[in-house]
Each structure stands twice: as C-alpha cells, then as structure tokens.
Q: 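One structure follows; several queries about it will come next.
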Amino acid sequence: MDTPRINLNAASEHELTQLPRIGVDTARRIVHHRATRKGFRDWADFAETLGISDADVDAIKSRAWI
C-alpha cells in the first residue's frame with residue numbers, strides 16, 4: 001500500500017515531520033512561512049522557507065505535493 005502524499009499547504013507540523021529531512025524546528029518554520037505567504041504556489045516558493053535546501057526539496061517531492 002502506498003503512503004498518501006502530504007499536502008504542504010494543509011499539513012500540520014506533526015504531519016510535516018513525517019517527511020524525510022523535516023524535523024520539528026523545520027516543520028514549525030514551514031507552517032509559519034506558509035501562513036505568512038498565504039500558502040505555497042510551487043516548489044520554488046516552498047524552497048524559500050528558511051532552512052530548506054534543494055536537497056531537502058528533492059527528498060520530499062515524492063512524498064508531498066503543493
């Protein structure tokens with residue numbers, strides 16, 4: 001059974017920590033950045049979150065969507 005992909009515009013901090021390379025602090029920054037920007041438009045927009053590297057984006061793309 002496939003694991004459902006996580007919607008980065010709706011996921012809770014806890015759900016975000018289920019993604020590879022995302023810890024509690026990064027999840028908190030993602031939620032804050034998302035609220036400030038009223039959601040992420042695309043992967044480049046998501047990558048502007050403080051502490052998110054290109055390698056992090058590549059690691060989670062198969063497990064999440066925007």
Side-chain angles (χ1 to χ4, degrees):
M1 176 187 250
D2 290 332
T3 304
R5 293 173 71 207
I6 294 174
N7 178 351
L8 294 177
N9 279 321
S12 67
E13 286 183 25
H14 174 72
E15 289 170 317
L16 291 168
T17 64
Q18 306 308 303
L19 294 169
R21 304 175 71 127
I22 304 297
V24 174
D25 291 337
T26 303
R28 191 170 293 124
R29 284 193 299 273
I30 291 168
V31 169
H32 175 75
H33 190 71
R34 178 179 72 198
T36 301
R37 300 181 69 84
K38 308 274 193 283
F40 300 114
R41 292 182 309 272
D42 53 32
W43 286 105
D45 191 32
F46 172 74
E48 291 180 9
T49 304
L50 182 64
I52 298 290
S53 69
D54 290 340
D56 295 334
V57 171
D58 289 342
I60 68 168
K61 273 188 173 181
S62 67
R63 301 269 316 275
W65 63 280
I66 296 176

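Starting from 1, each residue takes its place in the sequence as its number. The figures that follow rest on heavy atoms only: side chains count, while hydrogens, waters and symmetry mates do not.
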Q: Which heavy atom in Arg41 sits nearest to a heavy atom in Asp45, and how many Å separate them?
A: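 Taking every non-hydrogen atom into account, N-OD2, 2.9 Å.
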Q: Would the distance check show the side chain of Arg63 and the main-chain N or O of Leu19 forming a donor-acceptor pair, the cut-off being under 3.5 Å?
A: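 Pair absent, no side-chain N/O of Arg63 close to backbone of Leu19.
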Q: Less than 4.5 Å apart, side chain to side chain, heavy atoms only: is that true for Thr36 and His32?
A: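 The answer is yes; the side chains approach within 4.5 Å.
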Q: Would a 4.5 Å heavy-atom cut-off, applied to side chains only, mark Ile6 and Trp65 as touching?
A: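 In short, these two side chains do not touch, never coming nearer than 4.5 Å.
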Q: Compare every heavy atom of Ile52 with every heavy atom of Ile22, then report the nearest pair and how far apart it is.
A: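 Taking Ile22 first and Ile52 second, the nearest heavy atoms are CD1-CD1, 3.9 Å.
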Q: Could you state whether Val57 and Ile66 fall into the same hydrophobic cluster, counting links through intermediate Ile, Leu, Val, Met, Phe, Trp or Tyr residues with side-chain heavy atoms under 4.5 angstrom apart?
A: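 Same cluster.
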Q: Does atom CG (Asp42) have a neighbourhood of more than 12 heavy atoms from anything else shown, all under 6.0 Å?
A: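 More than 12 within 6.0 Å, yes.
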Q: Rounded to the nearest 0.5 Å, what separates atom CZ in Arg28 from atom OG1 in Thr49?
A: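 The distance works out to 14.5 Å.
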Q: Quick check on the hydrophobic clustering: are Val24 and Leu16 connected, directly or via other members, by side-chain heavy-atom contacts under 4.5 Å?
A: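 The answer is no; the residues belong to distinct hydrophobic clusters.
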Q: Is a donor on one side and an acceptor on the other found under 3.5 Å between the side chain of Arg34 and the backbone of Leu8?
A: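 Checked: pair present.
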Q: Minimum heavy-atom separation for Glu13 to Ala27, with atom names?
A: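 Shortest heavy-atom separation between Glu13 and Ala27 comes out as O-CB, 3.5 Å.
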Q: Which heavy atom in Val31 sits nearest to a heavy atom in Ala11, and how many Å separate them?
A: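 Smallest heavy-atom distance, with atoms named: CG2-O, 4.3 Å.
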Q: Locate the shortest heavy-atom distance separating Phe40 from Asn9; write the atom from each residue and the value.
A: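 Looks like N-OD1, 2.5 Å.
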Q: Between Gly51 and Asp56, what is the shortest heavy-atom contact and its length?
A: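 What the structure gives for the nearest pair is O-OD2, 3.4 Å.
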Q: Between His33 and Ile30, is any pair of side-chain heavy atoms under 4.5 Å apart?
A: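 The answer is no, as the side chains (C-beta and beyond) never meet within the 4.5 Å cut-off.
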Q: Run the side chain to side chain contact (heavy atoms under 4.5 Å, CB included) test on Asp54 and Trp43 for me, step by step, so that the C-alpha distance in whole Å, both residues' side-chain angles and the decisive distance to 0.1 Å come before the verdict.
A: CA-CA 10 Å; Asp54 290 340; Trp43 286 105; over 6 Å; no
